[in-house]
2 protein chains.
Amino acid sequence: MQKEGSIVGNHSENLLFLTDDQIRQGIEALYFSYRAFTSDPDLILQDINYGRAHHRALYFINREPGLTVTALLDVLRVTKQSLNRVLRTLIEDGLVDSRVGRRDRRERLLFLTEKGQELERRLSEPQRARVRSAYRNAGPQAVAGFRQVLESMMDRDTLRQFHAMRDDAQQ
Amino acid sequence: MQKEGSIVGNHSENLLFLTDDQIRQGIEALYFSYRAFTSDPDLILQDINYGRAHHRALYFINREPGLTVTALLDVLRVTKQSLNRVLRTLIEDGLVDSRVGRRDRRERLLFLTEKGQELERRLSEPQRARVRSAYRNAGPQAVAGFRQVLESMMDRDTLRQFHAMRDDAQQ
DNA sequence: ATTGGAAAGTCAACAAGTCTGACGTAATAA
DNA sequence: TTATTACGTCAGACTTGTTGACTTTCCAAT
């Protein structure tokens with residue numbers, strides 16, 4: 001195609017990291033590592049007859065105490081019927097406290113009870129340990145790249161959610 | 001603790017990338033990006049009344065034509081009963097061809113039909129496009145870090161599976 | 001050569017978790 | 001007052017996971 005110069009399609013650096021094989025390996029790495037990532041809490045959840053949905057709910061309620069059901073629906077992207085079943089069991093089991101909103105009394109503000117916080121920690125700590133260990137093992141440069149690629153994979157709306165979470169942690 | 005020198009706990013570089021906040025952001029990035037990653041095929045699957053399990057089966061059969069049910073079970077880590085149901089529908093619908101093994105006639109060797117290959121491509125191509133675009137956007141250094149962190153998150157057995165797949169692609 | 005156990009795969013029944021659709025109630029907004 | 005919003009619930013369906021029981025095939029020890 002081109003008479004002379006660098007390899008076709010390359011600008012300044014070579015583009016070997018964009019070969020089909022590299023893409024495939026990236027996809028498989030994502031699949032296998034995500035499964036590993038969820039395996040620890042999954043084992044605990046199985047024992048207590050809960051599912052991943054319970055963990056996710058506990059996680060985000062702990063993340064932002066007092067968030068409303070609608071806000072949680074927005075984060076989780078499930079139907080309210082589906083979330084409701086999960087929330088009901090969590091409330092019945094004394095892990096989540098649902099309080100009527102002061103500002104708007106139609107809203108339910110969700111909080112973790114002491115017991116709820118304890119389970120949330122027990123479920124999430126193995127994941128934190130896994131990520132911490134992977135980070136330590138890979139080093140700060142690799143971690144920066146990891147984050148960069150993950151963010152680039154999100155669509156606009158998901159990225160918005162992600163940044164919103166990141167931002168309200170600063171307060 | 002230490003009389004003099006760098007900040008406590010730091011070796012040569014600082015360890016700010018290991019703060020709780022960084023770990024938390026990593027976990028959330030993983031959650032949100034994985035959901036984005038699966039969203040494209042999920043939409044297609046919904047239309048044809050298939051689920052993610054069907055995509056996974058198609059993916060790995062395409063990846064290694066002629067693999068046995070047992071081999072597929074090992075990769076997917078589900079019960080054979082669960083896989084069987086998915087395989088049955090794929091075979092009935094003419095997407096997968098199951099041939100009795102020549103070497104061992106208890107085995108079933110799995111292949112994609114032309115139609116199966118077509119659907120697999122349709123499901124996986126959006127994911128490849130997403131990863132390719134993210135890779136291009138983030139650059140080769142970031143990609144290396146991405147891969148390094150993901151691999152560090154896998155447990156021994158998963159890592160073995162991942163490397164086995166990587167290796168038999170070289171042939 | 002026979003046979004008894006193990007391995008590969010299938011079928012049936014059940015549980016969990018997701019979805020859609022419809023409806024009811026209470027509170028807020030127009 | 002009326003329309004809209006937030007939340008909860010019931011019913012029915014589907015996917016995907018499970019366990020248990022079964023058939024067919026292979027292999028190895030006798």
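Below, all heavy atoms of this structure are taken into account, side chains as well, without hydrogens, waters or symmetry copies. Just so we're on the same page: letters track the sequence lines, and every chain starts at 1.
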Check: protein-nucleotides 1-3 of chain D nitrogen or oxygen pairs below 3.5 Å:
none

Going by the rule salt bridge (charged side-chain N to carboxylate O under 4.0 Å, His left out), which residues pair with B/Glu107 if we only count those two or more places apart in sequence or in a different chain?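 Salt bridge (charged side-chain N to carboxylate O under 4.0 Å, His left out) list for B/Glu107, sorted by chain: B/Arg103.
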Which atom pair, heavy atoms only, marks the closest approach of A/Ile23 to A/Leu18?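 Shortest heavy-atom separation between A/Ile23 and A/Leu18 comes out as CG1-O, 4.1 Å.
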Check B/Arg88 with B/Glu92, please: is the shortest side-chain N to carboxylate O separation under 4.0 Å? no
Residues in side chain to side chain donor-acceptor pair (under 3.5 Å) with [X], at least two apart?
X        : result
A/Arg56  : none
A/Tyr59  : B/Glu28
B/Arg108 : none
A/Arg128 : A/Glu125

Sorted by number, the residues of residues 39-61 of chain A with heavy-atom contact under 4.0 Å to DNA chain D: none
Each nucleotide in nucleotides 2-9 of chain C should get exactly one letter: B, S or -. Can you fill that in based on protein heavy atoms under 4.0 Å? ----BBSB
Do the ring planes of B/Phe60 and A/Phe32 sit parallel (below 30°), tilted (30 to 60°) or perpendicular (above 60°)?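 If you compare the ring of B/Phe60 with that of A/Phe32, the planes turn out tilted.
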Residue closer to the 5' end of DNA chain C, A/Leu83 versus B/Leu87 (nearest nucleotide):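 It is B/Leu87, whose closest nucleotide lies nearer the 5' terminus.
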Please figure out whether A/Val86 or A/Arg103 has its closest DNA chain C nucleotide nearer the 5' end.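 The residue whose closest nucleotide sits nearer the 5' end is A/Val86.
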Suppose we call a contact any N or O donor and acceptor under 3.5 Å apart; does that hold for the side chain of A/Gln81 and the base of D/dG8? no
C/dC11 C1' sits how many Å from B/Ile91 CD1, rounded?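 To the nearest whole Å, that distance equals 14 Å.
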d(CG, B/Leu76; P, D/dT18) in whole Å: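 After rounding, the gap between these two atoms is 11 Å.
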Starting at OG of B/Ser39, measure out to CZ of A/Arg77 and round the result to the nearest 0.5 Å.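 So the OG of B/Ser39 and the CZ of A/Arg77 are separated by 8.0 Å.
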A/Tyr31 OH to B/Gln161 CD distance, which is reported to the nearest 0.5 Å: 8.0 Å
Indicate every side-chain donor-acceptor pair of residues 41-50 of chain A with a distance under 3.5 Å to a residue at least two apart or in another chain.
residue, atom, partner, partner atom, Å
A/Asp42, OD1, A/Arg52, NE, 3.2
A/Asp42, OD2, A/Arg52, NE, 3.3
A/Asp42, OD2, A/Arg52, NH2, 2.9
A/Tyr50, OH, A/Asp93, OD2, 2.3

B/Arg88 side chain N/O closer than 4.0 Å to the phosphate oxygens (OP1, OP2) of C/dC11? yes
Respond yes when some side-chain nitrogen or oxygen of B/Thr79 is under 4.0 Å from OP1 or OP2 of D/dG17, and no when none is. no
Given the rule that a pair is Watson-Crick or G-U wobble with both distances under 3.5 Å, how would you write DNA chain D in dot-bracket, using | for pairs to a different strand? ||||||||||||||||||||||||||||||
Tell me who clusters with A/Val100, hydrophobic residues only, linked when side chains sit under 4.5 Å apart either directly or through other members. none
Connected hydrophobic set around B/Phe111, excluding itself, where side chains approach under 4.5 Å: B/Leu109
